[in-house]
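Below: the structure, in structure tokens.
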Amino acid sequence: MQMKKSLSKKERLKSRKQIDKLFKEGLRLNVPLLRAFYVVRPFSVSERSVRLQFGVGASSRTFKRAVDRNRIKRLGREAWRLQKEPFFLQLEELNKALDVFIIYTGKELPDYQQMYASVAEVIKKIGGKLK
RNA sequence: GCUACCGGUUGGGUUAUCGCUCCGUUUUGCGGGGAGGAAAGUCUGGACAGCGCAGGGCAAUGCACCGGUGAAGAGCCGGGUAUCGGGUUCCGGGUCAAAAACCCGGGAUUCGAUAACAGAAAGUGCCACAGAAAAUUACAGCCCCGGGUCUUGCCCGGGGUGAUGGUGAAAACGUGAGGUAAGAGCUCACGACUAUGCCUGGCAACAGGCAUAGGGGGUAAACCUUGCAUGCUGAAAUGCCACGUAUACCAUCGGCUGAAGGCGGCUCGCCUGAGCCCCGGCUUUUCGGCCGGGGUCCGAUGGAGGGUAGGCAGAUUGAUCCGCCGGGUAACCGGCAGGACAGAUAAAUGAUAACCAUUCACCGAAAGGUGGAAACAGAAUCCGGCUUACAGACCGGUAGCAAGU
RNA sequence: CGGGACGUAGCGCAGCCCGGUAGCGCACUUGCAUGGGGUGCAAGGGGUCGCUAGUUCGAAUCUAGUCGUCCCGA
């Protein structure tokens, strides 16, 4: 596929139903600063499902101001966008689809470097478990 | 000039690479738009939508000097009044031998700030402690009368008094004179205040003047009274489409008698019999019997329950903003031509790098170099306001300090 | 997006309506009782009443603004 570094609407988790299901049935994974929920689905071309869907969020309990929550989500999306490519290839090989949702669990506003490193770790761990 | 405080305006820019969202065109490229002055708090006023609605009253809530403005308002503008602060000037007093200066008090005028600014003379309540008394009150004191006692005096009883005393946040108009047994707005003069009437100025609030009457503590962000305003709900409103489920149950109404005797409106309640009808199996020559399964109403509206959690409309161009001209003290209004104006929905507006502005620290004689800092904060139906948060820069005002004229 | 409640001692709460003394239980400190501890008894300390203004002579209480915590509505 082209545009390997993009992250359009289709590749983001948008449906409330799907996200609720993910929290309820998905597997959980903790790394410093982040908590990830993920679930592996069988992939079929006929129904227009997407191989890899992603979402990110932060608790409004710990981050009261909307500016800070927006900032965390933007940094999270950016880090995911730049690092998801090898992941995608692995899924294609296995013919599976994957949903991932990341929640920021730190208490203070992160900078880009921290976020990038944490997301990299999440991808590494999930990638290991897929095998 | 510096520092502090207050008010107002503004709320960094350019480029490259990789992305996000909407629109357009074409087709997988290109072009264009993409957070705020507060988007915030949700304190207010509307628009819009659904439901409700004969008329009147009560209740509840909100507002409260006057005029203007506006769709409306607890907004804004102008004016009035009150309080506070400053300046100028005048008068009186104190300090001093005297003047100046300084301090205190008052008047006039001017500048600025603040005000939930109707009513305490409709009624009710409250005013701790202290004090005689906190609003029809007498503790001490003062004065009068009667009685007791030998008189001054003292004691007992009755009465008058709001001047004296100390208390308190607050003590029953102020000053002077008359008056009295002692006293008191008890009376009088002047002054202050309140109410009413008239005159003058003003659209009005109100101000000034004259006359008459009055003696009344405070508190309405205590209850309350008066006047005015307000139907309720709130985009999760509301309309449509798709998906999906159960009319099992209750109420009202209509149709309808059927494969079945009638009613209750559909399996045991009654007449009358644990009934009747259909299908299948077994048995029987048939009638019949036994076993198993199914049926014994349909529809509309509302309630209640269950299901769905997707899409479209609402929904982004409007009481809009910028510019010029005109009117108005101003808020604001009118006219003109051109331009500008996001639309997401687990929710776009971002990341990295460089440079230029702003500013701080250090190095340097300078040019310059090195390293930092940059606030408050993120649209969610849309507007008008209010309130709160805010780095730096610029403008204005006030106060202090330093220097000069 | 729209409603509502609560901030008082280390902890859990009362007082607020209708203004004047801040109180209760547990905990803490000291003493008594016991050989010691627990239990019990007696005494004591500890408070910007979330914060900032206003009304009032006077505010935990009334009013306004503000900060924080929690809850409810598909």
Side-chain angles (χ1 to χ4, degrees):
Chain A
M1 265 202 188
Q2 297 91 334
M3 295 170 64
K4 282 167 187 166
K5 286 181 178 170
S6 77
L7 186 67
S8 66
K9 259 185 180 177
K10 282 184 184 172
E11 291 185 57
R12 298 203 297 260
L13 279 167
K14 290 246 176 216
S15 159
R16 183 181 195 90
K17 208 175 172 186
Q18 204 177 340
I19 291 165
D20 286 342
K21 196 179 171 190
L22 178 56
F23 284 141
K24 207 175 171 186
E25 298 173 5
L27 299 162
R28 206 198 275 186
L29 183 80
N30 285 336
V31 299
L33 298 180
L34 296 179
R35 168 175 297 171
F37 290 88
Y38 65 99
V39 67
V40 181
R41 297 180 285 109
F43 180 73
S44 59
V45 189
S46 58
E47 53 185 90
R48 34 166 203 236
S49 69
V50 185
R51 245 181 225 293
L52 188 59
Q53 284 191 302
F54 171 75
V56 64
S59 164
S60 62
R61 211 39 75 71
T62 44
F63 296 94
K64 295 196 186 313
R65 287 184 293 271
V67 179
D68 298 338
R69 293 196 300 274
N70 283 347
R71 174 87 189 152
I72 288 165
K73 287 192 268 189
R74 282 165 183 163
L75 290 174
R77 278 201 302 271
E78 185 70 11
W80 179 263
R81 179 174 75 81
L82 295 173
Q83 298 179 79
K84 65 169 182 159
E85 193 186 344
F87 217 164
F88 192 83
L89 293 171
Q90 190 184 354
L91 281 167
E92 215 161 38
E93 208 171 289
L94 292 164
N95 197 28
K96 295 274 185 188
L98 181 72
D99 294 345
V100 180
F101 199 97
I102 288 175
I103 291 172
Y104 185 76
T105 53
K107 300 285 178 211
E108 287 170 15
L109 205 59
D111 62 15
Y112 180 66
Q113 301 303 325
Q114 291 172 340
M115 191 53 115
Y116 192 89
S118 297
V119 171
E121 189 143 344
V122 168
I123 289 174
K124 195 174 151 195
K125 282 197 174 179
I126 295 178
K129 295 210 175 187
L130 278 177
K131 290 173 186 173

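Keep in mind the model is a prediction, meaning the values are calculated, not measured. All chains are named by letter (A, B, ...) in the order of the sequence lines, taking the proteins before the strands, and each is independently numbered beginning at 1.
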**Report entry** Distance flag, aromatic centroids of A:F37 and A:F23, threshold under 6.0 Å
**Finding:** yes
Any [X] side-chain heavy atom under 4.5 Å of [Y] side chain:
| X | Y | result |
| --- | --- | --- |
| A:E11 | A:R81 | no |
| A:L29 | A:K129 | yes |
| A:L75 | A:Y104 | no |
| A:E78 | A:Y116 | no |
| A:F87 | A:I126 | yes |
| A:I72 | A:M115 | yes |

[N] glycosidic torsion: syn (within 90° of 0) vs anti:
| N | answer |
| --- | --- |
| B:G185 | syn |
| C:U56 | syn |
| B:G79 | anti |
| B:A35 | syn |

For [X] and [N], give me the distance from atom [atom1] to atom [atom2], rounded to whole Å.
| X | N | atom1 | atom2 | result |
| --- | --- | --- | --- | --- |
| A:Q53 | B:A346 | CD | P | 13 Å |
| A:E11 | B:G19 | CD | C1' | 12 Å |
| A:I102 | B:A346 | CD1 | P | 18 Å |
| A:L109 | B:G378 | CG | C1' | 14 Å |
| A:I19 | B:A347 | CD1 | C1' | 11 Å |
| A:L13 | B:A347 | CG | C1' | 13 Å |
| A:Q18 | B:A309 | CD | P | 13 Å |
| A:K73 | B:G350 | NZ | C1' | 14 Å |

Quantified in whole Å, what is the [atom1] atom distance between nucleotide [N] and nucleotide [M]?
| N | M | atom1 | answer |
| --- | --- | --- | --- |
| B:A220 | B:C91 | C1' | 43 Å |
| B:C341 | B:C22 | C1' | 15 Å |
| C:G3 | B:A40 | P | 14 Å |
| B:A236 | B:U381 | C1' | 13 Å |
| B:A344 | B:G339 | P | 27 Å |
| B:C23 | B:A348 | C1' | 14 Å |
| C:C71 | C:U63 | P | 27 Å |
| B:U296 | B:G258 | C1' | 9 Å |

Query raised in the report: Taking for each residue the nucleotide of RNA chain B bearing the nearest heavy atom, is the 5' side occupied by A:L82 or by A:F23?
Result: A:L82
**Report entry** A:K64 or A:L75, whichever maps to the more 5' nucleotide of RNA chain B
**Finding:** A:L75
Watson-Crick or G-U counterpart of [N], or none if no pair lies under 3.5 Å:
| N | answer |
| --- | --- |
| B:U285 | none |
| B:C223 | B:G123 |
| B:C102 | B:G94 |
| B:A181 | none |
| B:C276 | B:G295 |
| C:U21 | none |
| B:U388 | none |
| B:A304 | none |

Requested in this report: Quick one: pull up CH2 in A:W80 and CG in A:L52 and give me the separation to the nearest 0.5 Å.
Outcome: 5.0 Å
Query - Rounded distance [0.5 Å steps], CG in A:N30 versus CZ in A:R35 - result: 4.5 Å
Query raised in the report: Which of these nucleotides, B:G378, B:C18, B:A346, is closest to any side-chain atom of A:R65?
Result: B:G378
**Report entry** Any A:R69 side-chain N or O less than 4.0 Å from OP1/OP2 of B:A377
**Finding:** no
Requested in this report: Respond yes when some side-chain nitrogen or oxygen of A:R77 is under 4.0 Å from OP1 or OP2 of B:C20, and no when none is.
Outcome: no
Table of protein N/O atoms under 3.5 Å from nucleotides 21-24 of chain B N/O atoms:
residue, atom, partner, partner atom, Å
B:U21, OP1, A:K9, N, 2.8
B:C22, OP1, A:K9, NZ, 2.8

**Report entry** Identified side-chain contact (heavy atoms from CB on, under 4.5 Å) counterpart of A:V119 within the set A:Q114, A:K124, A:Q83
**Finding:** A:Q83
Polar atom pairs between nucleotides 36-43 of chain B and protein, under 3.5 Å, N or O only, would you list them?
none

Query raised in the report: Got a donor-acceptor contact below 3.5 angstrom from the A:R69 side chain to the A:F63 backbone?
Result: yes
Query raised in the report: Between the side chain of A:R28 and the main-chain N/O of A:A36, is any donor-acceptor distance below 3.5 Å?
Result: no
